[in-house]
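Protein chains get the first letters and strands the later ones, always in sequence-line order, with residue 1 at the start of each.
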Amino acid sequence: MGHPLNVDKGVLLDVQTHEEHGKSIVDVFIRGPMDGSLIQRVSDFNFPPYFYISIIPSAKPAKVEKELSEETLPGGIKPVFVRKVEKEKVVYLQMGFASIAELVRARDGILTYPFVQSLHESNIPYTKRYFLDKRLRPYSMVEIERDKNGNIQKIKNSDEPAPPLRTGAFDIETYGKFSRISPEKDPIISIAISCGAGKKVFLHAPYADAITISQPDEKTMLESFLTFTRLADLDILYTYNGDHFDMPFLVERTKKYHIPIDFGHSGIQLIGKGTETSARIHGLQHVDVYQLVRLLVRFQFFKSPRLDLESVMRAVFGEGEKTLTHKGITEIWENQKGFDVLAKYNLTDAEYTQRLGTEFLPLLMELARLVRQPLFEVNRATASQLVEILLMHESVELNQLFPNPPTHDQVEGRLQNPIEGGYVKEPVAGLHTNLAVLDYRSMYPSIMISHNISPDTLDCVHSECKKGANLSPTGHWFCTQRKGLLSVVLERILDQRIEVQKQMDVLPKKDTQQIVLKARKQALKILLNSFFGTLAYPRFRWYSRESASAITAWARHYIHQTLDWAEKDGFTPTYADSDSAFLLLPKPKTEEDVKKFVEKVNKKLPGRMELEFEGLYERGLFVTKKEGKAAKKRYALASYDHELTIVGFEYVRRDVSIIARETQKKVLEEILINGNPKKAHDIVLGVVKRLREGKVPNKELVVLTQLQRRPENYAATAPHVSAAIKAQKRGKEIVVGQMLGFIITKTGKSISDKAELEEFVKEGDYDAEYYIQNQVIPAVEKIFAELGIDSTDLERGGKQTGLGAFV
DNA sequence: TAATTCGCTAGACCGA
DNA sequence: TCGGTCTAGCGAA
């Protein structure tokens, strides 16, 4: 003690681990401040992995502590420490081990001791543990004190601003005779990289230009690429589906040539998770933009029918074209001609990846900061993982133990017993005028905060809570005296959102800080919206059936109450779904009356709950289902400034052809905006005619459906499955989870027989009657029916009258 | 090993 | 050949 320590400062990039002499060691990666010096790796030798045990009441903690400290556990494992800890007035023993491997072995052994009751926090990933216990914030500055051996003595966050990180994207093009490409035999033809240091294409062919570097062979090409990337000195490397394609391919090819795969530090670690793999680079964050896109699509940040690079570019930036197919690449290689096209295509993909990465990085970064995990983890995380880590941080803060994950039997039991969801009111079918839409802002989270819903406040011992404001319609209640873990975290998120919004409001619109703030707001929204789902998720550590049921019960209560109150105030409740209410305004009622009503409701709502006036619509259409009842979750609204909102209808479904969707949209526009059903009818007649004449291009006829399992695992052969099987027989590789685009052709008996993947269908070879009877007419007939228009004449191409309705 | 339930519709399948 | 039932996929919230 007392001797001077080295102090390092830098941006915390990553935490990883390695084993040395049977000991698990934590490696912290930082980038030095402003001068942009290279990434440093600093090790912490003094962070033994540990777990907690609880002991039976008759055993004395002090005695057990002493006994276990000297004990050799089954497998010859000696704990490196055993100490008593108290969490919420209960004494546990914390046991540390030299390595993760030893901890894993001790996990089973320890349960054989008769005085051991239960095991806790025994499966927390080691690096996660480090972030949790050291309270580290990634991508912020940290201060590290080191001893004279260079080992970490102390690590803590610092509030200095962190410099921006360096990013780059790469993409490989490979050759493969058949559609199944394998890195064991097929070469990489070219590699493109786009980053701050420049843009380059490394091509293993006789072609060069300003950015394309011709290499004599694949080995040299790989080496040049790695050297260039190392010199670029990146913090973040983007790929598009690199986890499953580029990275494993690169690993395999470099292995073949005995090239050390080195991006500046160690290498790539391919992590296998079932059928999923991910590629982790030491000291450099590999952000797979495809994974990120999947995350964002799940959270409904944007919608894209397909998730290939070009489709996503179009969905996000409105531009992006696929200029080369796999077949095209194969031909270029075989004919050794057209490398300029290949190089351009390769670079474009790398640039697209870089653009998308840049677009979404602020959000990913904010998410990573909020949950205090590296980009790599957050990039590949799911909603429940994000919420889980957030709750773990809070638990550590409050000195609470994490609940153990449920056992298999517990999960099964929970699955058998699902909770009741939201209330959906059957709408009044027909075309309505002057319709107000109200909705509860973040309804489930606001209920959780307002009623203090959390597993740790459920059915508390206080007798007054049992009768208080937090007694739910289910009969369970939540403490009114002590705040719950989940509600505390949620309320903080909500407060942070409000704070961010305030900052955004005072800053100029163009201020660069706005991007970060917007991203933070989005990240907070993602977290906010994930809590309820995870609480009702059977595998979740903090699963609580009672809590989740109470939330939905309260939600049903509040929406019912809103409808009742609205009716009493003279509005006509027309429809409701979970957190929204649709009210028809009878004659003298105005927008002002609705707003007054909303205000009145808000005065009676508890805590953070809030009803919002979403908008007033000139027209709203609800249709009737097959069986005669009004359909829920399908409607169309036209605002007073002629904006059309279409919900649930074929128009928003990717598994309906464009011709049917666009026709439906036009019909809705004519009816709801232009008030011209006659024109709508004529439009459909025109489409029917064009279909019969074979004039509709194939791309308007494609039906997209996801193949959710292997073709042989389907009980019934649906059209997309049939099309997939036929394509497979022709040598096309079909992957589970893939989006299949098919067309119903003229040849075959059943619809499935006629289904073929679009790439195998000649232009014009479609079954016009199928598209008329099964796509276009079903999409419009219910709409016409609400106006009293018979659409049977449509099927016959308008030869029957049926137009009497328009007169 | 990774968020929920509610609801609609298409198309295959099966028995009368 | 029909009508009911079941499987599957997708969207709303």
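- Atom name C1', nucleotides B:dA3 and C:dA12: the rounded distance is 15 Å, in whole Å.
- Regarding contacts with the backbone of B:dC8, every side-chain N or O of A:K633 stays at 4.0 angstrom or more from both OP1 and OP2.
- Following rounding to the nearest Å, A:Y771 (OH) and B:dA10 (P) show an atom-to-atom distance of 15 Å.
- Between A:Y635 and A:F582, the ring planes are perpendicular. Angles over 60° get that label, and only those under 30° would be called parallel.
- In this structure, A:G421 reaches the sugar-phosphate backbone alone: every heavy-atom distance under 4.0 Å involves primed, P, OP1 or OP2 atoms, never a base.
- For the pair A:V424 and A:P538, nearest-nucleotide mapping onto DNA chain B gives the more 5' position to A:P538.
- Distance CZ (A:R556) to C1' (B:dC6): 12 Å, rounded to an integer number of Å.
- A:R541 has its CZ atom 11 Å from the C1' atom of B:dT1, to the nearest Å.
- Rounding to whole angstrom units, OH of residue A:Y770 and C1' of B:dA12 are separated by 13 Å.
- Taking the side chain of A:R653 as heavy atoms from C-beta on, and the options C:dG9, B:dA3, B:dT4, the nearest nucleotide is C:dG9.
- Between A:R709 and the phosphate of C:dA8, there is a side-chain N or O to OP1/OP2 separation shorter than 4.0 Å.
- The distance from atom CD of A:E650 to atom C1' of B:dC8 is 9 Å, rounded to the nearest whole Å.
- Taking the ring centre of A:F376 as origin, the terminal cationic atom of A:R380 falls inside the region bounded by 6.0 Å and 45° from the ring axis.
- Between A:Q775 and the phosphate of B:dA10, there is no side-chain N or O to OP1/OP2 separation shorter than 4.0 Å.
- For A:Y714, no side-chain nitrogen or oxygen approaches OP1 or OP2 of B:dG11 to under 4.0 Å.
- Counting any heavy atom pair closer than 4.0 Å across all strands shown, A:S530 reaches no nucleic acid atom.
- Proximity of A:N774 to the phosphate of B:dG11: a side-chain N or O atom is located under 4.0 Å from OP1 or OP2.
- Remark: A:E377 does not engage A:K128 in a salt bridge, criterion side-chain N to carboxylate O under 4.0 Å.
- A straight line from CE of A:M443 to C1' of C:dA13 spans 11 Å, rounded to a whole angstrom.
- In this structure, A:Y635 reaches the sugar-phosphate backbone alone: every heavy-atom distance under 4.0 Å involves primed, P, OP1 or OP2 atoms, never a base.
- Using a 4.0 Å heavy-atom distance criterion, A:P418 is classed as a sugar-phosphate-only contact.
- Between A:I124 atom CD1 and B:dT1 atom P the separation is 16 Å, expressed in whole Å.
- Within the 4.0 angstrom heavy-atom criterion, only backbone atoms of the sugar-phosphate kind lie near A:R654; the bases stay farther away.
- Residues A:T705 and A:D655 bring no donor and acceptor atom of their side chains to less than 3.5 Å of each other.
- A sub-4.0 Å separation between OP1 or OP2 of B:dA12 and a side-chain N or O of A:S752 is present.
- Ring-plane geometry between A:F622 and A:H432 is classed as tilted, the angle between the planes lying from 30 to 60 degrees on a 0 to 90 degree scale.
- The CG atom of A:D767 sits 11 Å away from the P atom of B:dG11 (whole-angstrom rounding).
- For A:Y444 and B:dA3, the shortest distance from a side-chain N or O to OP1 or OP2 is not below 4.0 Å.
- Using a 4.0 Å heavy-atom cutoff across all strands shown, A:L535 reaches no nucleic acid atom at all.
- The side chain of A:Q706 places an N or O atom within less than 4.0 Å of a non-bridging phosphate oxygen (OP1 or OP2) of C:dC10.
- If you check the side chains of A:Y617 and A:T645, you find no donor sitting under 3.5 Å from an acceptor.
- For the OP1/OP2 pair of B:dA3 and a distance below 4.0 Å, the side-chain nitrogens and oxygens of A:T382 include at least one atom meeting the criterion.
- One finds a side-chain N or O of A:R634 lying less than 4.0 angstrom from the OP1 or OP2 phosphate oxygen of B:dT9.
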